Amino acid sequence: NRARYAERYGWDEARITHLLERYGAQIEDLGALIDADSSLGAPLAKAPQFLRADVVFAVRYEGALHLEDVLVRRVRLDLEQRDRGLAAADEILEILRKELGWDDQKVKEERDLYAARVEAIREAESTSTDAEASAKIEAVAPVAPRVKL
């Protein structure tokens with residue numbers, strides 16, 4: 001019920017609509033994360049359309065294991081921000097560090113890999129053919145093996 005979410009979490013109508021579209025009935029699971037740790041109810045500083053809980057949800061409920069997975073497949077900041085979510089990466093990485101038990105080296109590796117991906121996409125956007133663009137993006141080592149269908 002929308003009024004209950006507004007009262008319980010202080011969410012406005014736009015946030016409630018966004019979260020219901022994203023999570024459906026699983027919005028209760030998202031709420032449970034926030035109930036357990038109120039800091040997760042805060043928006044991401046550099047991507048306020050998303051909550052810190054969105055990142056934790058991606059790990060705990062959707063099996064996200066990498067920064068790229070969170071930004072590309074879960075919260076989809078790569079589609080919503082010109083920098084493909086890179087500005088929000090440090091905050092997301094701190095959440096992932098806690099959730100996945102990462103050390104400083106792993107955090108740096110994940111950030112570097114995603115930054116390389118963003119740069120490759122930027123370079124691909126300036127090419128004149130699809131083949132050139134694909135080659136730029138494919139040259140970046142993927143975090144997880146790419147699946148050929």
Side-chain angles (χ1 to χ4, degrees), residues 5 8-11 14-16 18-149:
Y5 296 127
R8 188 171 174 186
Y9 302 111
W11 296 338
R15 180 157 325 266
I16 294 168
H18 168 80
L19 292 172
L20 284 170
E21 288 173 357
R22 165 82 168 89
Y23 295 102
Q26 286 186 302
I27 195 171
E28 291 296 323
D29 296 323
L30 186 77
L33 293 172
I34 296 167
D35 291 341
D37 178 353
S38 62
S39 73
L40 297 178
L44 293 171
K46 303 288 186 175
Q49 69 272 42
F50 294 99
L51 302 173
R52 293 174 60 85
D54 287 307
V55 178
V56 174
F57 189 94
V59 172
R60 293 187 191 175
Y61 291 88
E62 299 175 327
L65 296 174
H66 300 283
L67 176 62
E68 180 180 359
D69 195 18
V70 171
L71 291 171
V72 174
R73 293 172 200 85
R74 311 303 173 186
V75 297
R76 300 183 154 231
L77 272 174
D78 71 312
L79 297 176
E80 295 204 19
Q81 293 184 326
R82 181 72 183 134
D83 74 347
R84 304 202 176 274
L86 201 53
D90 289 335
E91 182 178 9
I92 292 170
L93 282 164
E94 285 308 309
I95 297 167
L96 293 174
R97 173 196 300 270
K98 183 178 175 186
E99 284 297 305
L100 298 170
W102 289 352
D103 60 15
D104 290 345
Q105 179 59 37
K106 179 64 174 170
V107 168
K108 181 183 181 327
E109 177 183 298
E110 289 284 328
R111 189 178 201 305
D112 290 350
L113 283 169
Y114 192 72
R117 178 188 189 279
V118 169
E119 183 57 31
I121 292 170
R122 210 174 273 136
E123 289 176 14
E125 290 172 343
S126 67
T127 62
S128 56
T129 68
D130 288 343
E132 287 176 296
S134 291
K136 293 273 186 196
I137 294 169
E138 291 294 320
V140 175
V143 171
R146 291 187 176 107
V147 177
K148 298 247 183 203
L149 300 177

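This is a predicted model, so every value here is computed, not measured. As a basis for the values below, the full set of heavy atoms in this structure was taken, side chains included, without hydrogen atoms, waters or symmetry mates.
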- Message: For a side-chain contact (heavy atoms from CB on, under 4.5 Å) check, start with the C-alpha distance between Leu19 and Leu51, then their side-chain angles and the critical distance, and finish with the verdict.
- Response: CA-CA 10 Å; Leu19 292 172; Leu51 302 173; 4.1 Å; yes
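With sequence neighbours excluded, no residue forms a side-chain hydrogen bond (donor to acceptor under 3.5 Å, both in side chains) with Ser38. Listed by chain and number, the residues in a salt bridge (charged side-chain N to carboxylate O under 4.0 Å, His left out) with Asp69 are Arg73, Arg74 (sequence neighbours excluded). Under the rule for a side-chain hydrogen bond (donor to acceptor under 3.5 Å, both in side chains), the partners of Glu99 that lie at least two apart in sequence or sit in another chain are Arg60. Annotation: ring-ring contact (aromatic ring centres under 6.0 Å, His included) contacts of Phe57 (sequence neighbours excluded): Tyr23, Tyr61. For Asp29, the salt bridge (charged side-chain N to carboxylate O under 4.0 Å, His left out) test picks out no residue, with sequence neighbours left out. Listed by chain and number, the residues in a side chain to side chain contact (heavy atoms under 4.5 Å, CB included) with Ala115 are Leu86, Arg111 (sequence neighbours excluded). For the side chain to side chain contact (heavy atoms under 4.5 Å, CB included) test, residues two or more places apart in sequence or in another chain that qualify with Ala87 are Lys46, Asp83. With sequence neighbours excluded, the residues that form a side chain to side chain contact (heavy atoms under 4.5 Å, CB included) with Asp104 are Arg97. With sequence neighbours excluded, the residues forming a side-chain hydrogen bond (donor to acceptor under 3.5 Å, both in side chains) with Arg52 are Glu91, listed by chain and number. Gln49 meets the side chain to side chain contact (heavy atoms under 4.5 Å, CB included) test with Ala47, Leu77, Glu80, Gln81; sequence neighbours excluded. Legend: residues meeting side-chain hydrogen bond (donor to acceptor under 3.5 Å, both in side chains) with Lys98, ordered by chain and number and at least two apart, are absent.
Taking the side chain as every heavy atom from C-beta outward, Val72 and Arg117 approach each other to under 4.5 Å. When side chains are defined from C-beta on, Leu96 does not count as touching Glu110, because their heavy atoms never get closer than 4.5 Å. Two residues are said to be in side-chain contact when any heavy atoms from C-beta on lie closer than 4.5 Å; Glu94 and Trp102 fail this criterion. The shortest side-chain heavy-atom distance between Val70 and Ile95 does not fall under the 4.5 Å cut-off. In this structure the side chain of Asp78 never reaches within 4.5 angstrom of the side chain of Ile121, judged on heavy atoms. Taking the side chain as every heavy atom from C-beta outward, Val75 and Leu44 never approach each other to under 4.5 Å. Contact check for Ile92 versus Leu67: side-chain heavy atoms found under the 4.5 Å cut-off.
No donor-acceptor pair under 3.5 Å is formed between the side chain of Asp112 and the backbone N or O of Glu109.
Between Leu30 atom CG and Tyr9 atom OH the span is 8.0 Å, to the nearest 0.5 Å. If you take OH on Tyr5 and CG on Leu20, they are separated by 6.0 Å, rounding to the nearest 0.5 Å.
Between Tyr114 and His66, the ring centre distance reaches or exceeds 6.0 Å.
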